[in-house]
Number of protein chains: 2
Amino acid sequence: MAGQKGVSLKEVADKAGVSTATVSRVINSKTVVKGETELRVQKVIKQLGYRPNRVAQRLRTTRGASKLIGLLIPDIQNPFYVDIIRGIEQYAYAKNFAIVIGNFSQNEERQKFYIEILKSESVDAFIVAPFPGMNEYVKELVEEGYAVVCIDRGLANMDLDVVKVDNYQGAFDAVEHLINVGHTRIAHISGNTLIPTTIERISGYEAALNKYGIAIDRDIIVGRNSDHKSGVELSAQLLDMSNPPTAIFTSNNLLTLGALETIHSRGLKIPEQVAIVGFDDMYWAMSLNPPLTAVRQSGFEIGRITIELLHQRIADPTRPFVSIVLKTELIVRNSCGFKLKGM
Amino acid sequence: MAGQKGVSLKEVADKAGVSTATVSRVINSKTVVKGETELRVQKVIKQLGYRPNRVAQRLRTTRGASKLIGLLIPDIQNPFYVDIIRGIEQYAYAKNFAIVIGNFSQNEERQKFYIEILKSESVDAFIVAPFPGMNEYVKELVEEGYAVVCIDRGLANMDLDVVKVDNYQGAFDAVEHLINVGHTRIAHISGNTLIPTTIERISGYEAALNKYGIAIDRDIIVGRNSDHKSGVELSAQLLDMSNPPTAIFTSNNLLTLGALETIHSRGLKIPEQVAIVGFDDMYWAMSLNPPLTAVRQSGFEIGRITIELLHQRIADPTRPFVSIVLKTELIVRNSCGFKLKGM
DNA sequence: TGTAAAAATGTAAACGTTTACATAAATAAC
DNA sequence: GTTATTTATGTAAACGTTTACATTTTTACA
């Protein structure tokens, strides 16, 4: 049986002896209604347990007030994105926005598919961590008048609101730490090099080596995708070298976990035989053995700021674009070893 | 500027020289339209890039065809639920359902809040892993005619479609493994005891001890919430005992990670000084040191079956309720030690 | 008290679909 | 070649809101 529908605005209006327009005004409180009337309507609303039908609201309302946001996430298995989701969610619901999440699993086709779905759901806005091949699509969204904020990475050759972290500096700090602790042969397992984030991290890595006069060896900069499997395989490749690195800097958490798997399966001691520092901290990084040294970026904070920006843009679509770059923090634990004073 | 709206059904109808009803029929293909007409309309649809507005569809359509599902997740930080989400998503989108996720962070108030939001979004159906205090609410949903499927746990005293795993057997297997490997003093860190899942796992734990004639010591069965912090603190409490356990069975992945943090911070060797086996496998459990022995339950599979069930119920709301119980699998790695043959 | 201005409320169209019902066109039966 | 059926299409109402505009009520001021 189809369930009974909820109470409608009309029913409230009838019971309160006013027109639907008045009830609507009470709810949205944009126009003033007389105190007495308002009270009466409010009472009926309570009494009947009326809740506006968001679907009808969205249908009627012009874009910018539909209270629905589309969120395109590259990989929900990655705890970093989960943090972002949490941050977005926390503040979005507080502002009465609902969120539709599309997790496209790093798949270009699915990403496009979701955009279409979300459009036809009449979202006001898109939050997207764009994947290679998305430039045109995202551009289209902006042109069509959607509010769009990019997270985690910007888009080459496109002006947009972006919230991300200082990948260059984060990578730099990590590698500098390895150097300070005595390493000179430091490998880098990077991600998909079509993603700006990846490129920035490579730059940071190279800059740190340069600063300390360590030659860059392209043989120990390896990269493919930003997933667990790549981490497993690329670390194996590095450790198989005749002249293997003594330390590895991994470009994200999934790569780190993959590398750890390989290192442990070979019975290598961390940090004695191989040190590791990864981009992305995880709330259980301390539960690893040894506790992982990592570059922390706050997904939660990224989420929070994103919603803020979105809010602003919906209110004023002509506001100039901004790019917010958050600082990262190096969390030193025990996976890199340490240098004794004076050594 | 508000962006241009999409192409409407009416525009298609005009261009094709037919009525909106006909176009609607072509799209939904419930009634037959003449081949010739259909072709013409299809052509215009392609040409104009028409996509139905799901909001309008949902407003007009009676429940059961709104193509929107509400998903209430207790804790998106828990990788197990992420797997469930992935499973649900994969099959849902294939059937043209969109998903709205509400992550209520184990908070009763927020759970209720989300239910209200989702109702006013006119979802067809709810998928919910109910939290204590939800019985009445979920019951209400069913009575109101929503299709509802519970995941991960059922609801006391309520007939419903449920998809879960055999928690009793999973726990039993884990503890039996510890016993087989030589442990007799086995502690259990359990979760929120208001949740059926937790209770079932405790039963399994006790049954295994009973089978081998090991006395149950209530002092080493501890439980509070199903989160990381509880894992950290409760394991500390256990290890502080004058007569600490030699093995710990943890009731879920967050508790496991918390316990690992404590164990490592005290420099205890696993499994020599303390063994651990946890409910919930994680794709990076192998990256832990030592690789974790764990009870695997397939969230992905749970998600898949859930959608299947939901689909069935929407199609036939009178179908009798079913309870699907999936098997778990003990993944033996290195966190429990092993017994030599003949010992 | 009467009139003008301001404030409060009502009326009805619109958003983009689906669908019951009515009508028109095609086919079948005679 | 009518008439009865069947098949294809059109018409218009409905879903639950918001909002421009019209109307009514109240207040202000003389």
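This one's a predicted model, so the numbers in the text were calculated from it and none came from an experiment. The chains referred to below are lettered A, B, ... by the order of the sequence lines, with proteins before strands, and numbering in each begins at 1.
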### Spacing of A/Leu59 atom CG relative to D/dT19 atom C1', expressed in whole Å
14 Å
### Message
Whole angstroms only, please: what is the CD1-C1' distance between B/Ile27 and C/dG16?
### Response
11 Å
### Query
Can you tell me if the side-chain N/O atoms of B/Gln57 get under 4.0 Å from OP1 or OP2 in C/dG16?
no
### Query
For B/Arg51 and C/dG16, what is the distance between atoms CZ and P respectively, to the nearest whole Å?
17 Å
### Query
Looking at D/dT19, C/dT18, D/dT11, which one has an atom nearest to any side-chain atom of B/Ala21?
D/dT11
### Message
Under 6.0 Å between ring centres: does that hold for B/Phe126 and B/Tyr146?
### Response
yes
### Query
Does A/Glu121 come within less than 4.0 Å of B/Arg58, counting only side-chain N to carboxylate O?
yes
### Query
To the nearest Å, how far apart are B/Arg25 CZ and D/dT11 P?
11 Å
### Task
May I have the distance from B/Tyr50 (atom OH) to C/dG16 (atom C1'), rounded to whole angstrom?
7 Å
### Message
On DNA chain D, does the nearest nucleotide to B/Ala56 precede the nearest nucleotide to B/Thr20 from the 5' side, or the other way round? Give the residue.
### Response
B/Thr20
### Task
Side chain of B/Arg60 only, please: which of D/dT17, D/dG10, D/dC15 is the nearest?
D/dC15
### Query
Hey, does the side chain of B/Thr37 come within less than 4.0 Å of D/dT9's phosphate (OP1/OP2), counting only N and O?
yes
### Options D/dT17, C/dG16, C/dT9, nucleotide nearest the side-chain atoms of A/Ser8
D/dT17
### Message
I want to check one thing: is the phosphate of D/dT18, taken as OP1 and OP2, less than 4.0 Å away from some side-chain N or O of A/Asn28?
### Response
yes
### Message
Looking at B/Thr22, I'd like to know whether one of its side-chain N or O atoms comes within less than 4.0 Å of OP1 or OP2 on D/dG10.
### Response
yes
### Message
Measure CD/A/Glu36 against C1'/C/dA8 and give the value in whole Å, please.
### Response
12 Å
### Query
Would you call B/Glu144-B/Lys119 a salt bridge at under 4.0 Å N-O?
yes
### Query
Is A/Arg54 side chain donor-acceptor paired with the D/dG16 base, going by distance under 3.5 Å alone?
no
### Query
Can you check the A/Asn53 CG to C/dC15 C1' distance for me, whole Å?
13 Å
### Query
Under 4.0 angstrom, heavy atoms only, what part of the nucleic acid is B/Val55 near: base, sugar-phosphate, or nothing?
nothing
### Task
Could you check how far CG of A/Leu9 sits from P of D/dT19, rounded to whole Å?
12 Å
### Message
Please determine whether the number of non-hydrogen atoms from other residues, nucleotides or ligands lying under 6.0 Å from atom CG of B/Asn96 exceeds 12.
### Response
yes
#### Entry: Basic-acidic side-chain contact under 4.0 Å: A/Asp83, A/Arg86
yes
### Task
Mark yes or no for a side-chain to base donor-acceptor pair under 3.5 Å between B/Arg58 and C/dG16, with no hydrogen or angle criteria applied.
no
### Query
Any side-chain N or O of B/Ser24 under 4.0 Å from OP1/OP2 of C/dT18?
yes
